[in-house]
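Written out below as structure tokens is the structure these notes cover.
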Amino acid sequence: MPLSTLVFYRLFSNAGSIEFRSTKFRSIEFQLIRRKRIRSFFFHGKRPVLSVRPKVAELAFHVFSRSLHPELYTIHQSRLVERTEYQARIDITNCGHVVTWNVPSSNSDNEDKLAATICEVATSAHQPLPKRRLLMSKPLKGSRTERANCRKGVGYRTHFQLESVGPDLFWMVGQQLSKGATEGLLHQFDASGRMALGALSYINIETRQKSMLIQAIHTFPDDYAIVKVESLFSIGDDASDDDCIV
């Protein structure tokens with residue numbers, strides 16, 4: 001197993017409460033570090049889009065029951081997942097990530113109609129986003145486990161947290177993840193003038209026939225902070241009645 005993969009699983013070994021088959025994670029406590037940093041914006045068409053990594057005190061976590069227009073955010077890496085029961089798109093953005101998970105209708109007369117859509121967005125609180133069909137909107141701070149409203153038979157659970165670490169551990173995580181070969185999505189951002197190591201985003205994707213697990217890491221060098229998100233999207237037998245609120 002590559003060293004970068006070992007570092008990744010070490011980070012998640014105590015980080016969450018989502019269970020995916022035999023994988024379990026537990027919550028840890030941490031403290032938020034805040035430092036001042038200038039934000040800048042650019043305009044894509046008529047929609048304002050954040051152009052740089054936000055500071056950790058301004059992070060937000062949203063879940064929609066619809067897809068979002070790609071012009072709302074800047075995409076650096078992307079992957080499509082197609083299974084018999086669902087399709088998904090996973091994007092690394094300048095602020096975090098966007099996961100769009102679609103369950104097609106089982107009605108053969110209307111195959112293009114989606115039975116359910118769940119869109120998870122980790123971004124800045126200043127990122128302009130629509131309000132329609134917004135299921136969840138939380139500040140991305142502390143350690144939280146959440147579930148979103150969804151259609152019967154479709155489950156969504158997530159655990160996200162923001163952790164401050166020492167400079168040595170932060171440097172080691174960034175170095176190992178950026179150098180080693182990974183099976184997931186990885187993007188290394190340019191370093192700022194003050195920090196030698198740029199921000200990094202890595203997303204691990206595990207799929208099953210009726211479920212998908214996303215584990216994301218986003219680093220923030222100016223604050224020595226790491227965001228960890230673990231989300232489980234599931235259908236049918238993999239979605240318990242407690243996961244859905246009809």
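Side chains are part of it too, since the values below use all heavy atoms of this structure and drop only hydrogens, waters and symmetry mates. Remember, it's a predicted structure, so these values are computed and weren't measured experimentally.
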* To do: Please report the C-alpha distance between K138 and E146 in whole Å, then the side-chain angles of each, then the deciding distance to 0.1 Å, and finally whether the side-chain contact (heavy atoms from CB on, under 4.5 Å) criterion is met.
  => CA-CA 10 Å; K138 304 286 184 181; E146 299 284 348; 3.7 Å; yes
* Trace of the side-chain hydrogen bond (donor to acceptor under 3.5 Å, both in side chains) decision for T158 with S231 -> CA-CA 4 Å; T158 186; S231 299; 2.8 Å; yes
* Apply side-chain hydrogen bond (donor to acceptor under 3.5 Å, both in side chains) to S143 and H159, showing your working. => CA-CA 7 Å; S143 179; H159 180 87; 3.2 Å; yes
* Between D91 and I75, does a side-chain contact (heavy atoms from CB on, under 4.5 Å) hold up when you go through it step by step? -> CA-CA 6 Å; D91 299 316; I75 300 173; 3.9 Å; yes
* To do: Report the C-alpha distance between R132 and R66 in whole Å, list the side-chain angles of each, state the deciding distance to 0.1 Å, and finish with yes or no for side-chain contact (heavy atoms from CB on, under 4.5 Å).
  => CA-CA 9 Å; R132 186 172 63 90; R66 53 166 289 182; 3.3 Å; yes
* CA sep, side-chain torsions, deciding dist, call: I235, V103, side-chain contact (heavy atoms from CB on, under 4.5 Å) -> CA-CA 8 Å; I235 307 170; V103 181; 3.9 Å; yes
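Nearest heavy-atom pair, L72 versus P130, reported as atom, atom and distance to 0.1 Å: CD1-CD, 3.9 Å. Here the closest non-hydrogen pair linking A122 and F61 is CB-CD1, 4.3 Å. Listed here is the closest heavy atom pair of L135 and A148: CD1-CB, 4.2 Å. Nearest heavy-atom pair, W101 versus Y86, reported as atom, atom and distance to 0.1 Å: NE1-CD1, 3.2 Å. The two atoms that bring P221 and G198 nearest to each other are CG-C, 3.7 Å, heavy atoms only. Residues R147 and M136 come closest through the heavy atom pair O-CE, 3.8 Å.
When only modelled atom types and interatomic distance are considered, Q127 and H62 share no side-chain donor-acceptor pair under 3.5 Å. A donor-acceptor contact closer than 3.5 angstrom links the side chains of R89 and S78. In the model, Q215 has no side-chain atom that pairs as donor or acceptor with a side-chain atom of Y202 under 3.5 Å. In summary, the side chains of T145 and R157 do not present any donor paired with an acceptor at a separation below 3.5 Å, with no hydrogens or angles considered.
In this structure, L232 and Y156 have side chains that are not in contact, with every pair of non-hydrogen atoms separated by 4.5 Å or more. Looking at H97 and E120, their side chains come closer than 4.5 Å, going by heavy atoms from C-beta outward. At a threshold of 4.5 Å between non-hydrogen side-chain atoms, the residues C95 and S124 count as touching. Counting heavy atoms from C-beta outward, V99 and I214 have side chains that approach closer than 4.5 Å. Using a 4.5 Å heavy-atom cutoff, the side chains of Q87 and V81 are not in contact. Between H187 and L200, the closest side-chain pair of non-hydrogen atoms is not below 4.5 Å. Looking at heavy atoms from C-beta onward, V227 lies in side-chain contact with F220 at the 4.5 angstrom threshold. In this structure the side chain of F64 never reaches within 4.5 angstrom of the side chain of I118, judged on heavy atoms.
Note that CZ of R144 is 5.5 Å distant from CZ of F160, once rounded to the nearest 0.5 Å. Atom CD1 of residue I203 and atom CD of residue Q77 lie 9.5 Å apart, to the nearest 0.5 angstrom. Atom CD in Q161 sits 9.5 Å away from atom CD in E230 (nearest 0.5 Å). The distance from atom CD of E85 to atom CG of N102, rounded to the nearest 0.5 Å, is 13.5 Å. Between the OG atom of S164 and the CD1 atom of I226 there is a distance of 9.5 Å, given to the nearest 0.5 Å. Annotation: the span from L68 atom CG to C119 atom SG amounts to 4.0 Å, rounded to 0.5 Å.
In terms of modelled atom types and a separation under 3.5 Å, the side chain of T100 and the main chain of A88 share no donor-acceptor contact.
F189 and H76 have perpendicular rings, their planes meeting at more than 60° on a 0 to 90° scale where under 30° would count as parallel.
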